[in-house]
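Computed from heavy atoms alone, side chains included, the values below leave out hydrogens, waters and symmetry copies. We name chains A, B, ... by the order of the sequence lines, and we start the count at 1 in each one.
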There are 2 protein chains.
Amino acid sequence: MATIYDIAKKAGVSVATVSRVLNGVDHPVREETRQKIIEAAKELGYRPNKIAKSLAHRRTYTVALLIPSITNNFYTEIAEVIEQKLGEKGYSTYLCNTQRMIEKETQYVDDLIARRVDGVIFSPTRVKPEDNLVNAKNLEELRKNGIAVVAFGSHFSNVSQVYINTYEGALEATRYLLELGHRRIGFIDGLEAGTRKSRRRGYIDALKMAGISIDASLIVSGNLEMDGGYECVKKLMRLANPPTAIIVVNNFMAIGALKGAKDMGINVPEELSIIGFDDSKLSEVVEPPLTVVKQPLKEIGDVAVELLMEQMEREGAPRMVKLKTQLVVRASCARRK
Amino acid sequence: MATIYDIAKKAGVSVATVSRVLNGVDHPVREETRQKIIEAAKELGYRPNKIAKSLAHRRTYTVALLIPSITNNFYTEIAEVIEQKLGEKGYSTYLCNTQRMIEKETQYVDDLIARRVDGVIFSPTRVKPEDNLVNAKNLEELRKNGIAVVAFGSHFSNVSQVYINTYEGALEATRYLLELGHRRIGFIDGLEAGTRKSRRRGYIDALKMAGISIDASLIVSGNLEMDGGYECVKKLMRLANPPTAIIVVNNFMAIGALKGAKDMGINVPEELSIIGFDDSKLSEVVEPPLTVVKQPLKEIGDVAVELLMEQMEREGAPRMVKLKTQLVVRASCARRK
DNA sequence: ATAATACAAGTAACCGATTACCTATACGTC
DNA sequence: GACGTATAGGTAATCGGTTACTTGTATTAT
């Protein structure tokens, strides 16, 4: 494969001149020389070597997207805009999918440092499904090695991050159900959802503000997939005094809950109202279409890239951008009879 | 950031020895020296620089996944296994999503060559939505520059590829409908589906073999999203003599078709049977759950990685692996009344 | 005792760029 | 004519590793 040395020889100039011409560096070069070089490059089928460039520049123009899942629409939608925007700015994107396994996250971080990525957009994986801990060490390791980081989907101090106000989202969802006349409202939580605590807090606060006391039996948890929601709804609806409405913290679980209710012969929304979190084609497509608290996925991606650019270029103080959720009303909630 | 020169100085040895120890090269080194070096590396917080390694080795241990979409479950599921398997083998994965724009594909190819990726797993984008052409030049360009390539979702000569026998899938689906007594079977095609021609051929051949003549008005095309299916089903069902069953070439379109039928007040499956292509959560979740021709996504990913490894390591002749589809019977088809 | 071999490590070229610094002309000014 | 300054281009160090080849010493064989 041709190098700039080959071009230099063919055009009868030095490599410095070749480099200048090929990169449009601000240094005078005679038009005639320029043409000779361009010609030679073309004839040799020259392809610049970004590896060598990276080494010399000490920048790789590479960013990693480090996320817990890639089959969930939530991450997929964000990933799409991130990869696209980074591409527009000349960065390539490494896909790093931990599949919710914390050891994989650590491995990725190690490798990303070795590969000298310029930045990482990072949605941390929980250490164990049962808890809400993330491995702050991984993040620190990246920063210690001079890599710009932007986080989302979790809380860190001292890192740029895009934060979705799911507390308010849950508050709004609960209030919506209250307005529809519901008083016994269930809450299906995820065993490892990142910001679930704030969702649960929103739910609890809304009830409290409405003067409704919290019934712990109305709060249950399951895994983040459809079967998690399926089982949770059964637990709730078998209660002596079951809820008339339920809030579910994620998209798959909400669909599972809907399915569970149907299988029990419960009509949605006539006998049970359901609100999910995260919007996707799935939510539109089920029967009845789900009312959901939508997170602004495109915006999350957009902002993440902007924040990362800031960090990579100006190395300024970390910034946090707060984004709002939006209640998308479809047909899965009804006034209490 | 510490380099092997720093380690060499600190341990009082040469860089060659450091490199040998750190990479476990087969060259005798005294245990004492080895320990000194490892110690020094640890104390300096040494991080190997894979960029420098890549330059010296002329291998990057990087592979690109070049696909037309990342929000469609079909690609997402494949992407997950590919990224995982490559990771196990020490490769990082560049995510390259063309969003079905052919110019983007060309840009990616250019950049991937410059970045000297070792291989590309490639599902080509159609040149124009209307036609079935792919840009073979892009593939050639990769190969010409010594990059291993494995293709899927399209046909090429002289490249390793994993090929899904959708012809047989369509054949089987059509026969299934025939067995259920249907005689007027519609076909909803995609404007840019890769192997759609074979799907259509399977449909046509099955009918012919059953002695049923082809009615061109029963074959319509739309875009690959839900609205494409939605509009197509309306076209078909407004026919003077509408079909009693329909085959749809992709997952989103099938769901759109289902929705369209419902909106027209047509009962599925009582009045209209529908079979889709590609399986996903979506197909399970709709009402009624869709009967589909499932493509073996995990297997596609698995095989793609295996074929790529072959190409990268042994540079052997290209191989083609054929995979079968599977008819997943759910509830969207019924016997003709 | 000496030659041959194994062991342990070092020297320096190389991978393919970038770029600080230097050199040689040409031109204009006083 | 001497000097300052653009203009055009070259030299060589550098980025951080790898590795072919060399060297010096210890061990074994003869």
Side-chain angles (χ1 to χ4, degrees), chain A residues 1-38 40-41 44-62 90 111 113-118 145-147, chain B residues 1-38 40-41 44-62 90 111-118 145-146:
Chain A
M1 205 167 240
T3 72
I4 55 168
Y5 286 85
D6 302 323
I7 298 177
K9 194 187 292 176
K10 181 149 191 165
V13 297
S14 75
V15 291
T17 307
V18 174
S19 178
R20 282 169 193 140
V21 167
L22 261 28
N23 294 291
V25 169
D26 183 26
H27 188 105
V29 176
R30 245 187 311 159
E31 189 51 32
E32 188 196 326
T33 312
R34 179 188 310 281
Q35 288 308 328
K36 259 195 310 192
I37 289 171
I38 290 175
L44 291 168
Y46 172 75
R47 294 292 194 154
N49 185 326
K50 285 205 178 175
I51 299 300
K53 273 190 212 233
S54 292
L55 188 57
H57 278 139
R58 259 145 303 168
R59 288 197 74 175
T60 53
Y61 282 91
T62 300
D111 190 61
I113 294 171
R115 285 177 186 272
R116 299 294 194 270
V117 296
D118 297 334
N145 286 279
I147 296 172
Chain B
M1 207 167 243
T3 72
I4 56 167
Y5 286 85
D6 301 323
I7 297 177
K9 194 186 290 175
K10 181 150 191 166
V13 297
S14 76
V15 290
T17 308
V18 174
S19 178
R20 283 168 195 141
V21 168
L22 261 27
N23 294 291
V25 169
D26 182 26
H27 188 108
V29 176
R30 247 189 307 161
E31 189 52 32
E32 187 196 325
T33 312
R34 180 188 310 280
Q35 288 308 327
K36 260 195 311 193
I37 289 171
I38 291 176
L44 291 168
Y46 172 74
R47 293 293 193 154
N49 185 326
K50 286 205 177 175
I51 299 302
K53 274 189 210 234
S54 293
L55 188 58
H57 277 141
R58 259 146 302 168
R59 288 198 72 175
T60 53
Y61 282 91
T62 300
D111 190 60
L112 293 175
I113 294 171
R115 285 178 186 271
R116 299 293 194 270
V117 296
D118 297 333
N145 285 279

Please tell me if [X] has a side-chain N or O lying less than 4.0 Å from either OP1 or OP2 of [N].
X: B:T17; N: C:dA8; answer: no
X: B:R30; N: C:dA9; answer: yes
X: A:S14; N: D:dG9; answer: no
X: A:N23; N: C:dT18; answer: yes
X: A:Y46; N: C:dA17; answer: yes

Next item on the list: Decide if atom NZ of B:K10 counts as having more than 12 heavy atoms of other residues, nucleotides or ligands within a radius under 6.0 Å.
Entry: yes
Counting side-chain heavy atoms from CB outward, which of [options] is closest to [X]?
X: A:K53; options: D:dG17, C:dC21, C:dT18; answer: C:dT18
X: A:I4; options: C:dC7, C:dG16, C:dT18; answer: C:dT18
X: B:A56; options: D:dG9, C:dA17, D:dG17; answer: D:dG17
X: B:A16; options: D:dT18, D:dT19, D:dT11; answer: D:dT19
X: B:A52; options: D:dT19, D:dG16, D:dG9; answer: D:dG16
X: A:P28; options: D:dT18, D:dT7, D:dC21; answer: D:dT7
X: B:R58; options: D:dT18, C:dC15, C:dT18; answer: C:dC15

Check: Base, sugar-phosphate, or nothing: which does A:T33 touch, judged by heavy atoms less than 4.0 Å apart?
Finding: sugar-phosphate
Next item on the list: Work out which heavy atom in B:N145 is nearest to a heavy atom in B:I113; give both atom names and the distance.
Entry: ND2-CD1, 3.5 Å
Note to self: With a 3.5 Å cut-off and heavy atoms only, can you find an N or O donor on one side and an acceptor on the other between the side chain of B:R116 and the base of C:dG16?
What the structure shows: no
Check: Does B:H27 get its side chain close enough to the base of C:dA9, under 3.5 Å, for a donor-acceptor pair?
Finding: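 A donor-acceptor contact between them is present.
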Margin query: Measure CD1/B:I51 against C1'/C:dC15 and give the value in whole Å, please.
Written below: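 Atom-to-atom, B:I51 to C:dC15, this comes out as 13 Å.
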Margin query: What is the distance, to the nearest angstrom, from the CG atom on B:N49 to the P atom on C:dA17?
Written below: 17 Å
Notebook entry, point to check: Is the closest side-chain donor-acceptor distance between A:T62 and B:R115 under 3.5 Å?
Noted result: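 Yes, B:R115 and A:T62 have a side-chain donor paired with an acceptor closer than 3.5 Å.
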Note to self: I'd like to know if A:R20 and A:D26 make a salt bridge, using a cut-off of under 4.0 Å between side-chain N and carboxylate O.
What the structure shows: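 Result for this pair is no, no salt bridge flagged.
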